[in-house]
Colleague: 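Here it is, the structure in full.
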Amino acid sequence: MAESKRVLLASPRGYCAGVDRAVEAVERALDKHGAPVYVRKEIVHNRHVVDTLTDRGAIFVNETDEVPEGAIVVFSAHGVSPEVHRTAAERSLQTIDATCPLVTKVHQEAKRFARDDYDIVLVGHEGHEEVEGTAGEAPEHIQLVDGPDAVDNVEVRDPERVVWLSQTTLSVDETMQTVKRLREKFPNLNDPPSDDICYATQNRQVAVKAMAPKCDLVIVVGSQNSSNSQRLVEVALQNGASASYLVDYARDIDLAWLDGISTIGVTSGASVPEILVRGVIDLVAEHGFEDVETITTAEETLTFALPRELRPARSAN
Ligand code: 0CG
Ligand code: SF4
C-alpha cells in the first residue's frame, strides 16, 4: 500500500505586524490621496504585493529623485537612512514612513551606541535595504559583517567598546555563530539591549524547525529577495527536510518534487499574503496531498498602529 500523503502547515507563517501595517499604509494612502502614490523601494519584498499595489496605482521607485517634487512617497517597511529623509525634504516630498517599528528600534540602538562612541558591528546581508538604512544612521561607527567568516576582517579601535547589532530578518542560528566568532575575537563584546532579530522571524524559524524533520519536502512561499523567506528554506534544510524550495506562486512548483514523497511541509515568509499559501495547498491537494495538519509553535497577537501621517487627526481638546 502506498504511504499516506499529508501536508504539515506551519503556524505562525505569513504576514507579520510590520508588513501588515506597511501594506495597509500604501492602501490607505491611495484611498486618501488617490493615485499615484509613490513608494520608495518595494514596500515589502513580495512580488504579488508589489504587483497588486501597482495595479491599484502605486508607483514603485528606487530613489526619491524619481518622485515628482511635492508628491507623496511612502518609505518601505525595511527603513531608510537619514540621508533619504534629507533628500525627500529637499524635494518637498510628503513622506509617509512605513518603517517597521522593530527596525526603527535597531536604528535607535545604532544612534545611541554611536553617540557613546562604540564601534558597532552590524550583522546582516550586504546590499539589503534594511542594512543600508541602519548603517546610514552612523556610517562612521558601523561596519557590516555578513556571516561568521567575515569576522576575521573586523577591526575596531578599542576592543572594550564594541557592540553587535543585527538585521531583523536573519537566521537565528547563523547569527549566533557569527556572534560566537566575534566574542572569541572581542571577549568583552556587548550584546544589543534586546533581540534585534524580530519576533516574526524567530517564530517562523521555530515553526519550521518543528516540522522539518518530518518532511520530505518543505515549500516556502516567498520572493527571492525576501531575506526572512530565504532563511526559512535554509532552516528547513538544516533541520532535516530532505528538500526545500522557495516559490512565489503555486505555479512555480515543479510536480517532479512531489514524486514518491509522503510529507510536504508548507510555510511562508513574513511578507507573504495567505492567499498564496492557499494556492499551494490547493495545488498539492490536487495531487493527493489533501490531509492538512497545522503545526503550531506560537500564537501571535502583536499589531502596530498605522504610520503617524495616516492616523486620524486628533481633535484640539
Ligand atoms: O525579509 P526581508 O527583510 O527581506 O523583508 P520582507 O519584506 O520579505 O519581510 C519582512 C519585512 C519588511
Ligand atoms: Fe517588522 Fe519583523 Fe516584520 Fe520586518 S519581519 S516588518 S522587523 S515584524
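Fair warning: this is a prediction, and the values are worked out from it, not measured in the lab.
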Colleague: Take atom CZ of Arg308 as the centre, draw a 6.0 Å sphere, and report whether it contains more than 12 heavy atoms from other residues, nucleotides or ligands.
Modeller: no
Colleague: Who passes salt bridge (charged side-chain N to carboxylate O under 4.0 Å, His left out) against Arg56, sequence neighbours left out?
Modeller: Asp31
Colleague: Which donor-acceptor pairs under 3.5 Å do the side chains of residues 17-30 make with protein atoms, sequence neighbours left out?
Modeller:
| residue | atom | partner | partner atom | Å |
| --- | --- | --- | --- | --- |
| Arg21 | NE | Ala305 | O | 2.7 |
| Arg21 | NH1 | Thr99 | O | 2.9 |
| Glu24 | OE2 | Arg28 | NE | 3.2 |
| Glu24 | OE2 | Arg28 | NH2 | 2.8 |

Colleague: Checking side-chain hydrogen bond (donor to acceptor under 3.5 Å, both in side chains) between His141 and each of Asp119, Asp116, Asp117, which is the one that passes?
Modeller: Asp117
Colleague: Please lay out, stage by stage, how Val292 and Val284 fare under the test side-chain contact (heavy atoms from CB on, under 4.5 Å).
Modeller: CA-CA 10 Å; Val292 179; Val284 297; over 6 Å; no
Colleague: Under 3.5 Å, is there a donor-acceptor pair between the Asn203 and Glu300 side chains?
Modeller: yes
Colleague: Are side-chain N/O atoms of Asp196 and Gln167 paired as donor and acceptor at under 3.5 Å?
Modeller: no
Colleague: Just to verify, what does Ser171 make a side-chain hydrogen bond (donor to acceptor under 3.5 Å, both in side chains) with, not counting sequence neighbours?
Modeller: none
Colleague: Could you state the interatomic distance from NE2 (His107) to CG (Leu102), rounded to the nearest 0.5 Å?
Modeller: 11.5 Å
Colleague: Tell me the closest heavy-atom pair linking Pro213 and Ala210, and the distance in Å.
Modeller: CD-O, 3.7 Å
Colleague: Ignoring hydrogens, what is the shortest heavy-atom contact between Pro82 and Gly136? Give both atom names and the distance.
Modeller: CD-O, 3.3 Å
Colleague: Tell me the closest heavy-atom pair linking Leu237 and Ala241, and the distance in Å.
Modeller: CD2-O, 3.9 Å
Colleague: Rounded to the nearest 0.5 Å, how far apart are CG of Leu165 and CD1 of Ile142?
Modeller: 7.0 Å
Colleague: Give me the atom names and distance for the closest heavy-atom approach of Thr294 to Ser11.
Modeller: CG2-CB, 3.7 Å
Colleague: Check step by step if side-chain contact (heavy atoms from CB on, under 4.5 Å) holds for Arg112 and Glu137.
Modeller: CA-CA 10 Å; Arg112 194 188 97 202; Glu137 290 288 357; over 6 Å; no
Colleague: Taking only residues two or more places apart in sequence or in another chain, which ones pass salt bridge (charged side-chain N to carboxylate O under 4.0 Å, His left out) with Asp191?
Modeller: Arg183
Colleague: Is there a side-chain contact (heavy atoms from CB on, under 4.5 Å) between Glu290 and Val7 once you walk through the steps?
Modeller: CA-CA 7 Å; Glu290 287 166 351; Val7 172; over 6 Å; no
Colleague: Run Val39 and Val61 through side-chain contact (heavy atoms from CB on, under 4.5 Å) and show every step you take.
Modeller: CA-CA 6 Å; Val39 184; Val61 296; over 6 Å; no
Colleague: Using side chain to side chain contact (heavy atoms under 4.5 Å, CB included) as the criterion, list what pairs up with Lys32, not counting sequence neighbours.
Modeller: Leu310
Colleague: Residues in salt bridge (charged side-chain N to carboxylate O under 4.0 Å, His left out) with Glu160, at least two apart?
Modeller: none
Colleague: Has Glu69 got more than 12 heavy atoms of other residues, nucleotides or ligands less than 6.0 Å from its CD?
Modeller: yes
Colleague: Residues two or more places apart in sequence or in another chain: which of them pass side-chain hydrogen bond (donor to acceptor under 3.5 Å, both in side chains) with Asn62?
Modeller: Lys41
Colleague: Identify whether the distance between the nearest side-chain nitrogen and carboxylate oxygen of Glu184 and Lys180 falls below 4.0 Å.
Modeller: yes
Colleague: Which pairs with one or both residues in residues 272-287 pass side chain to side chain donor-acceptor pair (under 3.5 Å), sequence neighbours excluded?
Modeller: Arg13-Glu274
Colleague: Whether Lys185 and Asp152 form a salt bridge (side-chain N of Lys/Arg under 4.0 Å from carboxylate O of Asp/Glu) is what I want to check.
Modeller: no
Colleague: Check salt bridge (charged side-chain N to carboxylate O under 4.0 Å, His left out) between Arg47 and all other residues, then give those that pass, not counting sequence neighbours.
Modeller: Asp248
Colleague: Pick out which of Leu170, Thr168, Thr169 makes a side-chain contact (heavy atoms from CB on, under 4.5 Å) with Ser166.
Modeller: Leu170
Colleague: Can you name the residues that form a side-chain hydrogen bond (donor to acceptor under 3.5 Å, both in side chains) with Asn239, not counting sequence neighbours?
Modeller: none
Colleague: Show the nearest heavy-atom pair for residues Gln94 and Gly70, with the distance to one decimal.
Modeller: OE1-O, 3.2 Å
Colleague: Under the side-chain contact (heavy atoms from CB on, under 4.5 Å) test against Tyr118, which residue among Val162, Asn190, Asp158 passes?
Modeller: Asn190
Colleague: How would you list all residue pairs meeting side chain to side chain donor-acceptor pair (under 3.5 Å) that involve residues 120-129, not counting sequence neighbours?
Modeller: His45-Glu129, His125-Asp146, His125-Arg231
Colleague: Among all residues two or more places apart in sequence or in another chain, which pass the side-chain hydrogen bond (donor to acceptor under 3.5 Å, both in side chains) test with Thr64?
Modeller: Thr87
Colleague: Can you name the nearest heavy-atom pair linking Val163 to Pro192, along with the distance?
Modeller: CG2-N, 4.5 Å
